[in-house]
Protein chains: 2
Amino acid sequence: MTNYSVVVVDDHTLLSQAIQTMVNTFEKFEVLYTCKNGQELVNQFSGSPENIPDIVLMDINMPILNGIETTEWIQKNHPIVNVMALSVEDDDKTVLKMLKAGAIGYLLKDTEKSVLEKALIEIAENGFYHSKNVTNLLMKSISGNGDEEIVLKEKEIIFLKLACTELTYKEIADRMCLSPKTIDGYRNNLFIKLNVKNRVGLVMYAIKNKIYTP
Amino acid sequence: MTNYSVVVVDDHTLLSQAIQTMVNTFEKFEVLYTCKNGQELVNQFSGSPENIPDIVLMDINMPILNGIETTEWIQKNHPIVNVMALSVEDDDKTVLKMLKAGAIGYLLKDTEKSVLEKALIEIAENGFYHSKNVTNLLMKSISGNGDEEIVLKEKEIIFLKLACTELTYKEIADRMCLSPKTIDGYRNNLFIKLNVKNRVGLVMYAIKNKIYTP
DNA sequence: AATAAAAAAGGGGTTTTTCCTATATAAATA
DNA sequence: TATTTATATAGGAAAAACCCCTTTTTTATT
């Protein structure tokens, strides 16, 4: 009987290699290769059918092509592959996005070796795994709470980024080649849209949603 | 000939266990145990002399007792132990603090397995290791740039945290049981002290220095 | 106790932000 | 083309943020 093949994707090379070493100690599992980001994975997958594993262990925060985008790509092009998210993130929105993108499991990086093995076995044999946290989260997400995904337009994002600097709205207007009054509008729209009270609220939203990185 | 003993400290259990597995594959090295935070390490060290390793691989961001504090403790109580920092952080201040605390090396988590092994060997045999990044940083830090460590008092920190919320300065004053005018003073002092122009500057400083976590 | 230093508070002013309402203009659509 | 619809812009005003300078109160120091 052949082993299940695994690919590890994480921009922290040491982590991905360490996990590789670890997974290789598991009976039944074997790491094919590791990737530093989503782009590398896409290249590998597109290279040869032999590069397509049974399971992908995927970090979320990565440069170039992040975990969510990459999972979407896999879901579209190789729907048989099981993606398990592996992240330090545990904020609700991120988890939900990852699951929506098609991940069939979600594991925090502060779990035990044994838990990872158990999760891999479940995925390989049953096709799913969910930690307690995630199960609770899913319950919450289903019951009520439509969540109304907020979509920002390009200019709003640019504005938001500038609002995270020490620039004055007047100066932001100059940078964006718009009248201060227009900026006034952007700001007020976002106050309502993002449900915040003032500029600090904008800044916090931008940071939490990775629109601006301090 | 006996192996060099290593202890891995990281709050991400999966990472510390994965690194444990990896280090155990290195000839000459052997992991004694892993810890989830500094407190655990202190307990282990204080438990039995057999628990004291040659090398500690230490993460920086940890709850309870962080990497810098833990390194200081080790430096004070077990100065023979070599601490190597292992972190995703690469901002100058953090690295310098870690080195000042007594770490003899600094490795980013996105390095290769082979680099880790090489670093461990250097530490074990020569007693030091520095990645290129760190060497450059040290050069910068020595040449000129006194850096003037900014020290904030307790109340300034409380104020700074509140300034990161959507509260009005008036409301912050209430929370801190101070007059709005006093808050005015705190704000203006911090503007000068932190070299920022407005509230966004305060927020950014607080976040960058982990005084406030979004 | 006298003096110095730090923390808290106030007076009063300018600028920026925030808010509300209304209009011109461009872009998309029936 | 006429009609929405989204985007950009104004006017005006109240609130909050920002700034400078002075005074009181507390705390520490010799």
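All chains are named by letter (A, B, ...) in the order of the sequence lines, taking the proteins before the strands, and each is independently numbered beginning at 1.
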**OP:** Let me know the distance between CG of B/Asn189 and C1' of D/dC19, rounded to the nearest Å.
**Re:** 12 Å
Original post:
So, for B/Leu202 and B/Ala163, which heavy atoms are closest and what is the spacing to 0.1 Å?
Top reply: CD1-CB, 4.4 Å
**OP:** May I ask you to check whether over 12 heavy atoms, not counting those of B/Glu125, lie within 6.0 Å of atom CD?
**Re:** yes
Original post:
Can you check the B/Leu190 CG to D/dA17 C1' distance for me, whole Å?
Top reply: 15 Å
Original post:
Given D/dC18, is OP1 or OP2 found less than 4.0 Å from the side-chain N or O atoms of B/Arg187?
Top reply: yes
**OP:** Could you walk me through whether A/Asp184 and A/Tyr169 pass side-chain contact (heavy atoms from CB on, under 4.5 Å), step by step?
**Re:** CA-CA 8 Å; A/Asp184 236 56; A/Tyr169 286 128; 6.0 Å; no
**OP:** May I have the distance from B/Glu171 (atom CD) to C/dT18 (atom P), rounded to whole angstrom?
**Re:** 13 Å
**OP:** May I ask you to evaluate whether A/Tyr169 reaches the phosphate of C/dT18, defined as a side-chain N or O under 4.0 Å from OP1 or OP2?
**Re:** yes
**OP:** May I have the distance from A/Lys170 (atom NZ) to C/dT15 (atom C1'), rounded to whole angstrom?
**Re:** 13 Å
Subject >> Heavy atoms of other groups near B/Lys193 NZ, more than 12 under 6.0 Å >> reply: yes
Original post:
Just checking A/Asn198: base, sugar-phosphate only, or nothing, at a heavy-atom cut-off of under 4.0 Å?
Top reply: sugar-phosphate
Subject >> Shortest non-hydrogen separation from A/Met22 to B/Ala18 and the atoms involved >> reply: CE-N, 3.3 Å
Original post:
What one-letter contact string describes nucleotides 4-10 of chain C from 5' to 3', where B marks a base within less than 4.0 Å of any protein heavy atom, S marks contact via sugar-phosphate atoms alone, and - marks no contact?
Top reply: ---SSBB
**OP:** Using the six-membered ring wherever Trp is involved, compare the ring planes of A/Phe45 and A/Trp73 and label them parallel, tilted or perpendicular (cut-offs 30° and 60°).
**Re:** perpendicular
Original post:
Is there a donor N/O on one and an acceptor N/O on the other, under 3.5 Å, for the side chain of B/Asn188 and the base of D/dC20?
Top reply: no
**OP:** Please state how far atom CZ in A/Phe159 lies from atom P in D/dA8, giving the value in whole angstrom units.
**Re:** 13 Å
Subject >> Steps toward side-chain contact (heavy atoms from CB on, under 4.5 Å) verdict (A/Ile19, A/Leu86) >> reply: CA-CA 11 Å; A/Ile19 287 179; A/Leu86 191 60; 3.6 Å; yes
**OP:** For B/Ala119 and B/Met84, work out which heavy atoms get closest and say how close.
**Re:** CB-CE, 3.6 Å
**OP:** Provide, to the nearest angstrom, the distance between the CD1 atom belonging to B/Ile192 and the C1' atom belonging to D/dC20.
**Re:** 11 Å
Original post:
Axis-to-axis angle across the helix from C/dA1-D/dT30 to C/dA30-D/dT1, five pairs an end, to 10 degrees?
Top reply: 40°
Subject >> Nearest-neighbour nucleotide for the A/Arg199 side chain, C/dC19, D/dA17, C/dT17 considered >> reply: C/dT17
Original post:
Can you tell me how far P of C/dT16 sits from CG of A/Leu162, to the nearest Å?
Top reply: 17 Å
**OP:** Grab the NZ-P distance between A/Lys193 and D/dA6 for me, whole Å please.
**Re:** 11 Å
Original post:
Nearest heavy-atom pair of A/Thr168 and A/Arg199: which atoms, and what distance?
Top reply: CA-NH1, 4.4 Å
